[in-house]
Protein chains: 2
Amino acid sequence: MRQIVEERTGSPTRQPSYAEPHHPGLRVATHVTVLHEGDPARRIMEVVEGAVMLTKLLPDGRRQVVELLGPGDVFGLAHDDAYACSAETLTPATIATHERSALERDPVLASRLLRRFEAQLCVMHSHALVLGRMSALERVAFFLLRLMPEGMVGGTLHLSMTRQEIADFLGLTLETVSRAFSELKRRGFVALQRADEVRIQDRGSMRRLAGAL
Amino acid sequence: MRQIVEERTGSPTRQPSYAEPHHPGLRVATHVTVLHEGDPARRIMEVVEGAVMLTKLLPDGRRQVVELLGPGDVFGLAHDDAYACSAETLTPATIATHERSALERDPVLASRLLRRFEAQLCVMHSHALVLGRMSALERVAFFLLRLMPEGMVGGTLHLSMTRQEIADFLGLTLETVSRAFSELKRRGFVALQRADEVRIQDRGSMRRLAGAL
DNA sequence: CGTGACCTTGACGTCGATCAATATTTGTGG
DNA sequence: CCACAAATATTGATCGACGTCAAGGTCACG
């Protein structure tokens with residue numbers, strides 16, 4: 001069922017979030033669809049905290065997770081005044097929203113969004129390389145490296161995505177993703193405490209598989 | 001061999017192009033690599049006229065054409081102060097370049113780039129759907145529709161890309177692209193006067209194949 | 001007219017999709 | 001806390017779309 005941010009928050013006359021000093025956003029629970037592909041694009045949004053995925057659908061129901069967003073990332077982009085993607089939370093999240101017209105008025109906001117768009121565009125470029133040219137095993141290795149920020153070596157990564165969601169992100173099926181996890185485990189590159197708790201054991205081999213990054 | 005824009009243009013002390021009123025850019029011939037993945041990212045660039053493709057390479061030589069650019073599109077994006085993609089002209093082109101610092105100084109420029117980044121990000125989102133979830137035939141249909149702007153029905157489209165370049169864009173091999181063209185021709189959806197001259201005969205069927213757009 | 005780049009087509013192999021059965025985890029009510 | 005149901009994950013068997021390898025064919029250019 002459709003469930004949009006505005007329905008989950010108190011007063012509809014609430015001020016735009018950027019006016020608020022310390023918690024400049026709406027709190028949203030896990031697995032909430034924040035906006036829908038095709039809906040009229042009124043606002044532009046920013047992840048303050050948590051994780052959000054953007055998805056697109058084909059008429060026959062095939063789905064692609066086109067982007068994974070974390071704090072600072074921007075979404076709610078428009079093509080012909082309609083949202084180009086749906087957005088769904090992967091974790092509880094805080095989301096800030098801005099009137100599109102604020103982009104003209106507020107050069108500080110515009111400048112932040114510009115930098116962020118540049119970063120996201122670069123990430124999309126790498127993702128095109130992943131989707132267009134990498135094998136299943138390489139894709140999964142790349143995915144895990146991207147989620148495991150350089151610093152946290154030895155730490156355990158909690159995946160807040162199901163195998164199906166990972167598959168839809170990597171252009172695979174859930175079975176293939178599962179087999180790739182098993183294969184990485186078999187090779188000793190990663191360890192899985194549970195299906196959604198991953199530890200990278202051999203970062204070097206993973207990087208070689210993923211082709212740098 | 002490496003051949004960058006600055007080598008092909010007269011004075012190295014030339015003023016930034018946005019200062020020039022009417023031909024605000026550098027002229028570049030076909031098949032010139034304007035910038036190289038990994039090089040220090042000094043400038044940000046804009047296609048004024050012509051077509052440019054952005055490519056990324058894997059260490060073993062696999063290539064992905066990550067984006068096709070036309071007039072107005074922006075490239076030369078940086079990740080860690082290095083260009084994230086190589087850029088090569090597909091046709092003779094005019095290219096404007098800006099100091100990265102100009103983004104701070106010039107809000108008009110920043111605003112234009114912001115709008116353009118948004119559009120390009122949307123295009124990348126569709127492309128992820130294409131690469132992740134579409135069959136070879138669907139990808140080629142989608143590709144042709146994107147190059148044939150709604151208006152020019154009945155017109156003949158000149159592809160300025162080889163089968164290999166199209167394949168690298170669509171995440172296929174050149175043979176598969178060639179077979180897809182043949183299949184579209186066999187079905188009567190397109191006509192090929194020459195390998196690089198396409199006419200779309202049945203736009204409806206093409207759209208159904210490509211899943212809207 | 002010959003050479004090289006590009007394209008087409010065919011035969012065959014392979015990686016990942018599909019179909020299916022089982023295992024594991026999560027959530028719910030007694 | 002346990003029993004059961006539902007969701008999610010794993011693994012195996014088979015199939016098919018696309019990749020690979022190979023042999024011409026077409027076109028532009030000197």
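Sequence lines set the chain letters: A, B, ... in the order given, protein chains first and strands last, and positions in each chain run from 1.
The line from CZ of B:Arg42 to CG of B:Leu35 is 11.5 Å long, rounded to the nearest 0.5 Å.
With rounding to whole Å, B:Phe181 atom CZ is found 16 Å from C:dC6 atom P. Counting to the nearest Å, the P atom of C:dC6 and the CE atom of B:Met161 are 13 Å from each other. We find that NE2 of A:His31 is positioned 10 Å from P of C:dG27, with the value rounded to whole Å. Between the CZ atom of B:Arg62 and the C1' atom of C:dC15 there is a distance of 13 Å, given to the nearest Å. The distance between atom CG of A:Leu192 and atom P of C:dT25, rounded to the nearest whole Å, is 12 Å. In this structure, NZ of B:Lys185 is placed 12 Å from C1' of D:dT26, rounded to the nearest angstrom. At whole-Å resolution of the value, CG in A:Leu137 and P in C:dT14 are 18 Å apart. When the P atom of C:dT9 is taken as reference, atom CG of B:Leu184 falls 13 Å away, rounded to whole Å.
Side-chain nitrogen and oxygen atoms of B:Thr176 include at least one within less than 4.0 Å of the OP1 or OP2 phosphate oxygen of D:dG19. Side-chain nitrogen and oxygen atoms of A:Ser182 include at least one within less than 4.0 Å of the OP1 or OP2 phosphate oxygen of D:dT11.
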Pair A:Glu183-A:Arg186, salt bridge (Lys or Arg N to Asp or Glu O under 4.0 Å): steps then yes or no: CA-CA 5 Å; A:Glu183 176 63 17; A:Arg186 203 186 58 69; 2.9 Å; yes

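Ion pair A:Arg163/A:Glu175 not flagged as a salt bridge, since none of the NZ, NE, NH1 or NH2 atoms sits closer than 4.0 Å to an Asp/Glu carboxylate oxygen. Between A:Glu67 and A:Lys56 no salt bridge is recorded (no basic side-chain N to carboxylate O distance below 4.0 Å).
Distance from the side chain of B:Arg194 is smallest to D:dA28 among D:dA28, D:dT8, D:dC18. Closest contact between the side chain of B:Arg179 and the listed nucleotides C:dG10, D:dT10, D:dC18 involves C:dG10. The side chain of A:Thr173 approaches C:dT18 more closely than any other nucleotide in the set C:dT18, C:dG16, D:dC18.
Residue side chain A:Arg163 does not reach the base of C:dT24 through any donor-acceptor N/O pair under 3.5 Å, judged by distance alone. Between the side chain of A:Glu175 and the base of C:dC19, at least one donor-acceptor pair of N or O atoms lies under 3.5 Å.
Along DNA chain D, the nucleotide closest to A:Arg133 and the one closest to A:Ala195 are compared, and the more 5′ of them pairs with A:Ala195. Residue whose closest nucleotide on DNA chain C sits further toward the 5' end, between A:Gln193 and A:Val177: A:Val177.
Counting any heavy atom pair closer than 4.0 Å across all strands shown, B:Leu172 reaches sugar-phosphate atoms only and no base atom.
Scanning all heavy atoms of the two residues, the minimum distance from B:Leu90 to B:Thr30 falls at O-CG2, 3.3 Å.
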